[in-house]
Amino acid sequence: MNYNKKSIEDIQVAGKRVLCRCDFNVPTKDGKITSDKRIVAAMPTIEYLVNQGAKVILCSHMGKPKGEWKPELSLKVVAERISQLLGKEVIMASDVAGEDSKAKAAALRDGDVMLLENTRYIKGETKNDPELSKALSELADIFVNDAFGTAHRAHSSTAGVADYLPAVSGYLVQKEVSIMGKALANPERPFVAILGGAKVSDKLNVINNLLEKVDTLIISGGMAYTFLAAQGYNVGKSLVDNEKLEYCKEMMAKAEAKGVKLLLPADTAVADSFPNPIDAQLAVDYVDCTAIPEAKMGLDIGPKACEAFAAAAKAAKTVVWNGPMGVFENPTLAKGTIAVAQALADSEAVTIVGGGDSAAACEQLGFADQITHISTGGGASLEFLEGLELPGIACLQDK
Ligand code: ADP
Ligand code: MG
């Protein structure tokens with residue numbers, strides 16, 4: 001995939017009707033937004049378009065209404081919040097690309113902002129229905145995609161509409177594509193990838209693709225135990241994907257053939273069973289991964305592994321991290337994840353965090369500001385790391 005895509009700065013937007021797909025899929029409770037992070041993140045693109053004198057038509061999905069007009073998933077609350085942040089009115093359409101949207105889009109003056117209703121109120125959205133794509137395109141002259149979180153989906157408002165309009169990226173998508181694209185296509189070396197999370201099967205293709213690119217691949221979190229089992233160690237009650245033992249062997253052989261250093265944790269925190277996340281008194285032992293007791297379950301990396309992984313991150317020029325090192329939801333088992341987050345924060349390298357849980361962990365633990373880039377799309381960043389073509393990015397004009 002070509003990562004060199006045009007952005008809003010590469011196209012004349014003044015006086016034009018610009019349909020801008022954002023990620024306004026914000027959490028709400030009792031009709032109130034509980035985190036406006038995604039709206040705040042979209043503001044630079046919106047402000048640029050307004051300041052350039054574009055007629056701005058925003059759209060997004062929220063939740064999963066599956067083609068039903070569920071009032072609790074209306075974007076009205078989002079329009080109010082954007083309006084507060086912008087300090088100007090945001091005109092709310094009562095439909096997605098219907099009569100009301102058309103009339104309101106036609107009446108926009110330069111610098112005006114309007115918001116369409118939840119795109120997933122229309123069944124055709126998630127089917128990439130050309131009828132909806134066309135209707136959306138008829139509202140505007142230019143399409144801007146600034147929603148990375150849905151860029152791996154070929155939906156009408158994320159990709160289909162680009163069949164009918166010139167399409168470029170907004171600032172958020174541009175940042176995602178340029179930083180992660182560079183890391184994958186032309187990284188500064190040493191390039192270290194740190195993979196964790198629960199299951200090997202979730203990240204099969206990521207492991208396979210990253211082995212083509214990196215100098216060091218660290219496999220940790222719940223995935224480590226399947227690799228350790230494939231090496232012939234007894235891992236007790238730890239999470240093992242028995243169907244993936246062969247795959248792990250293949251990956252270890254591939255790493256060897258490619259000269260990639262593959263690191264597994266040397267030690268691990270073990271407990272009797274899977275913990276309750278809020279059990280702050282959880283009793284754990286630390287043992288070497290070559291000597292996990294039969295009755296125990298590995299739930300975090302130990303101090304030796306923390307040190308080794310931190311050293312690898314420190315020596316790197318590019319680090320990509322996806323997936324927590326342990327069951328970080330429990331504070332006793334968050335030590336490995338904290339150590340890796342700290343190492344990335346301290347590293348001089350370009351540091352990139354993808355994956356919903358790892359990104360959340362960095363934010364909760366307070367390391368977000370010290371990391372070069374935390375991806376805004378869990379699923380999308382994973383597909384990016386797999387080397388897949390993302391429809392919401394592939395549809396944008398090349399530079
Ligand atoms: P991400 O969203 O960052 O891609 P994943 O969704 O793949 O990460 O994995 C996150 C989950 O992995 C967390 O809920 C965490 O509790 C779990 N996990 C990490 N280590 C282990 C382990 N040793 N055993 C079981 N689950 C684990
Ligand atoms: Mg996850």
Side-chain angles (χ1 to χ4, degrees), residues 190 192-200 203 207 214-242 244-245 248-249 251-252 255-256 260-277 279-316 319 321-347 355 357-358 361-362 365 367:
V192 177
I194 306 175
L195 291 183
K199 289 183 282 177
V200 176
K203 297 185 182 170
I207 298 170
V214 300
D215 302 293
T216 301
L217 179 63
I218 294 173
I219 304 240
S220 187
M223 300 201 296
Y225 308 95
T226 303
F227 276 85
L228 289 162
Q231 287 184 337
Y233 296 112
N234 192 335
V235 295
K237 291 199 289 183
S238 309
L239 194 65
V240 170
D241 191 340
N242 281 311
K244 294 292 172 287
L245 292 170
C248 292
K249 284 184 198 162
M251 291 303 112
M252 290 188 282
E256 173 127 28
V260 173
K261 207 190 282 176
L262 195 139
L263 296 181
L264 295 171
D267 54 352
T268 175
V270 293
D272 295 328
S273 58
F274 197 84
N276 182 329
D279 178 4
Q281 310 305 316
L282 181 76
V284 297
D285 294 321
Y286 289 94
V287 299
D288 282 351
C289 284
T290 51
I292 298 175
E294 194 65 59
K296 298 277 186 179
M297 183 180 256
L299 296 164
D300 190 15
I301 57 172
K304 291 181 202 167
C306 289
E307 204 172 301
F309 297 174
K314 206 173 159 208
V319 184
W321 176 26
N322 177 291
M325 298 294 100
V327 184
F328 74 103
E329 294 89 343
N330 183 297
T332 309
L333 300 169
K335 293 195 177 79
T337 302
I338 293 174
V340 165
Q342 181 75 59
L344 261 66
D346 294 344
S347 172
D357 291 293
S358 1
C362 281
L365 301 168
F367 292 100

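Owing to the predicted nature of the structure, the values given are computational and were not obtained by experimental measurement.
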(message) Rounded at 0.5 Å granularity, tell me how far CG in Leu264 sits from CD in Gln231.
(response) 5.0 Å
(request) Just jot down the side chain to side chain donor-acceptor pair (under 3.5 Å) partners of Asp267, sequence neighbours excluded, or say none. (result) none
(message) Once salt bridge (charged side-chain N to carboxylate O under 4.0 Å, His left out) is applied, do any residues pair with Asp279, and if so which ones, sequence neighbours excluded?
(response) none
(request) If a pair satisfies side-chain hydrogen bond (donor to acceptor under 3.5 Å, both in side chains) and one of its residues is in residues 216-228, list it, with sequence neighbours excluded. (result) Tyr225-Thr268
(message) Could you work out, with side-chain contact (heavy atoms from CB on, under 4.5 Å) as the rule, every residue matching Lys314, not counting sequence neighbours?
(response) none
(request) Please indicate whether Tyr233 has more than 12 foreign heavy atoms, meaning atoms of other residues, nucleotides or ligands, lying under 6.0 Å from its OH. (result) no
(message) Going by the rule side chain to side chain donor-acceptor pair (under 3.5 Å), which residues pair with Gln281 if we only count those two or more places apart in sequence or in a different chain?
(response) none
(request) Tell me, please, which residues at least two apart from Gln342 pass side-chain contact (heavy atoms from CB on, under 4.5 Å). (result) Asp346, Phe367
(request) Please list, chain by chain and in numerical order, all residues satisfying side-chain contact (heavy atoms from CB on, under 4.5 Å) with Ala343, sequence neighbours excluded. (result) Ala310, Ala313
(request) Of all the heavy-atom pairs spanning Phe328 and Asp357, show the shortest one and how long it is. (result) CZ-O, 3.8 Å
(message) Ignoring hydrogens, what is the shortest heavy-atom contact between Ser347 and Ala316? Give both atom names and the distance.
(response) OG-O, 4.3 Å
(message) Name the residue from Ile207, Val200, Ile219 that meets the side chain to side chain contact (heavy atoms under 4.5 Å, CB included) definition with Met251.
(response) Ile207
(request) Would you please test Ile194 and Leu344 for side chain to side chain contact (heavy atoms under 4.5 Å, CB included) and show each step? (result) CA-CA 10 Å; Ile194 306 175; Leu344 261 66; 4.1 Å; yes
(request) Sequence neighbours left out, what passes side-chain contact (heavy atoms from CB on, under 4.5 Å) with Phe274? Give chain and number order. (result) Met297, Leu299, Val327
(message) Tell me every residue that passes side chain to side chain donor-acceptor pair (under 3.5 Å) with Lys304, counting only those two or more places apart in sequence or in another chain.
(response) Asp288
(message) According to salt bridge (charged side-chain N to carboxylate O under 4.0 Å, His left out), who are the partners of Asp272, at least two apart in sequence or on a separate chain?
(response) Lys296
(request) Name all residues meeting the salt bridge (charged side-chain N to carboxylate O under 4.0 Å, His left out) criterion together with Asp215; count only those two or more places apart in sequence or in a different chain, and write none if there are none. (result) Arg189
(message) Holding to salt bridge (charged side-chain N to carboxylate O under 4.0 Å, His left out), I want the full list of residues that pass it with Lys249, two or more places apart in sequence or in another chain.
(response) Glu246
